Q: 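Before anything else, here's the structure in question.
Worth saying up front: this structure is predicted, and the values here are computed from it rather than measured.
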Amino acid sequence: MDKPNHHLYVFECDYATRTKEVAFTKGILDSFDKDTATMVALIVNNNIYKLEFHIGVTIEGDPSRFEAWLRTEYPQKMRRHNLFLHELTRHGNVVTLLDSEMVDTFLTSESNFPFLFPERAMFEDEHPQFKPARSTSARVFLSHSSRDKERVVLPLYSYLQSEDIPVWLDSFEIDYGENIYLKVSEAIEQCEIGLFVLTENFFAPSSGWPVAEFSSFFGDMMKRKKKILMLNAGVEHASIHALMRPYKYIDWNEGKGITEIAKAIRKAADNYLNEGI
């Protein structure tokens, strides 16, 4: 049985950052002659609901040298399988490249055939009103006992969200099947402010997590000058852990102190930034 004469490769690329593919495309054209790479094409679908950009390459004869080049030069390049030229070209613009000089003509950040729209960065710079909303990284780690969620933690979290203060709360950040210890450790590393909700449940012997979280945050604070805030929601001073007693705390006062908490967080965040950390 004769071996196939040509081999199709389809690489999925990002329409919005397409100029990242200039080096890859030129590399193919400069490394393989026209008798080996018999087709190198930009295939673009300008459907605004699903912008697509693929690079199609046909290799004639033995493809082993091309595949070795891919493994060495572009090991992470995403190749699509079972996606064929007749399907791609039916709905898109196609430019066949003859040499690497043509790449600079067609693979640009501006609107230019075959791309109807500019790259994302250029589009958003020129039209900032269309920038997508992005979640803000959490700055406040909210440490608490799970027994206090309904009474204190969820009302506090909702208020801080309404005040545009980004908070890390385990209920909304840890999904089923994820490692709780690793997720909490990552959050402690990421956040610059630790807000500790002190209650009888927080210090109960059966609640080992909250005190352990404070110990981790305290260790980070000593090394990186992170900020610690205490919210006392009904604990006698003598019952507070010895490491926590030196800190002036905010009184929850059945929710009446909630605005003071937001002010304290903003002040702590400003101090953190002003210290150049």
Side-chain angles (χ1 to χ4, degrees), residues 12 14 16-17 74-81 132-235 239-245 247 249-250 252 258 261-262 264-266 268-269 271-273 275 277:
E12 186 173 27
D14 183 11
T17 56
Y74 295 93
Q76 303 303 319
K77 184 57 63 180
M78 184 184 296
R79 181 184 174 190
R80 288 289 303 274
H81 299 274
R134 294 184 174 91
S135 296
T136 304
S137 297
R139 303 184 68 186
V140 181
F141 179 81
L142 185 50
S143 180
H144 62 285
S145 167
S146 59
R147 297 188 184 97
D148 297 312
K149 269 198 167 64
E150 294 297 326
R151 182 175 70 90
V152 179
V153 177
L154 290 177
L156 173 60
Y157 176 83
S158 295
Y159 176 76
L160 295 177
Q161 290 285 290
S162 71
E163 290 293 305
D164 297 335
I165 296 175
V167 178
W168 193 95
L169 181 61
D170 55 2
S171 299
F172 306 116
E173 301 289 348
I174 303 177
D175 208 346
Y176 296 111
E178 292 186 318
N179 186 305
I180 297 174
Y181 176 79
L182 289 179
K183 295 291 287 186
V184 169
S185 297
E186 289 171 2
I188 290 173
E189 173 73 18
Q190 168 190 325
C191 295
E192 66 252 30
I193 299 169
L195 177 59
F196 296 85
V197 180
L198 308 185
T199 64
E200 295 294 341
N201 292 322
F202 188 98
F203 294 108
S206 59
S207 298
W209 275 97
V211 175
E213 289 169 355
F214 176 81
S215 298
S216 295
F217 217 91
F218 185 82
D220 260 11
M221 182 192 70
M222 300 301 288
K223 293 182 293 184
R224 299 166 55 193
K225 298 183 180 179
K226 291 191 174 188
K227 305 299 179 182
I228 286 178
L229 294 175
M230 302 288 184
L231 174 63
N232 192 329
V235 183
S239 300
I240 295 176
H241 192 283
L243 282 175
M244 299 179 176
R245 289 176 194 163
Y247 293 92
Y249 55 74
I250 304 165
W252 172 246
I258 201 165
I261 299 166
I265 290 172
R266 289 197 176 95
N271 290 341
Y272 185 92
L273 293 175
E275 289 169 5
I277 298 173

Q: Please test Trp168 against Ile188 for side chain to side chain contact (heavy atoms under 4.5 Å, CB included), starting from the C-alpha separation and ending with a verdict.
A: CA-CA 9 Å; Trp168 193 95; Ile188 290 173; over 6 Å; no

Q: Closest heavy-atom contact between Ala138 and Cys191?
A: O-SG, 3.7 Å

Q: Quick one: pull up OH in Tyr247 and CD1 in Ile228 and give me the separation to the nearest 0.5 Å.
A: 4.0 Å

Q: If I compare all heavy atoms of Val152 with all of Ala233, which pair ends up nearest, and what's the gap?
A: CG2-CB, 4.2 Å

Q: For Gly234 versus Asn232, what's the shortest heavy-atom pair and its separation?
A: N-OD1, 2.9 Å

Q: Heavy atoms, side chains only, cut-off 4.5 Å: are Val140 and Tyr157 in contact?
A: no

Q: Look up atom CG in Leu142 and atom CD1 in Ile193, then write down how far apart they are to the nearest 0.5 Å.
A: 12.0 Å

Q: Rounded to the nearest 0.5 Å, how far apart are CG of Asp148 and CG of Leu154?
A: 10.5 Å

Q: Between CG of Asn179 and CD1 of Ile174, what distance do you get to the nearest 0.5 Å?
A: 9.0 Å

Q: So, do Arg266 and Ile165 sit near enough that their side-chain heavy atoms are less than 4.5 Å apart?
A: yes

Q: Can you check whether Ile261 reaches Trp252 side chain to side chain, under 4.5 Å on heavy atoms?
A: yes

Q: Ala268 and Lys227: which non-hydrogen atoms are nearest, and at how many Å?
A: O-CG, 3.8 Å

Q: Counting only heavy atoms from other residues, nucleotides and ligands, does the tally under 6.0 Å from CD of Glu178 exceed 12?
A: yes

Q: Take the angle between the ring planes of Phe202 and Phe196 and call it parallel below 30°, perpendicular above 60°, tilted in between.
A: perpendicular

Q: Does the Glu173 side chain pair with the main chain of Lys183, one donor and one acceptor, at a distance under 3.5 Å?
A: no

Q: So how far is it from Ser143 OG to Leu229 CG, rounded to the nearest 0.5 Å?
A: 12.5 Å

Q: Pick from Leu195, Asp170, Thr199, Asn201: which one makes a side-chain contact (heavy atoms from CB on, under 4.5 Å) with His144?
A: Asp170

Q: Does any non-hydrogen side-chain atom of Leu156 lie less than 4.5 Å from one of Leu231?
A: yes

Q: So does Ile240 get a backbone contact from the side chain of Arg245, meaning a donor-acceptor N/O pair under 3.5 Å?
A: yes

Q: Roughly how far apart are Met230 CE and His241 NE2, rounded to 0.5 Å?
A: 10.0 Å

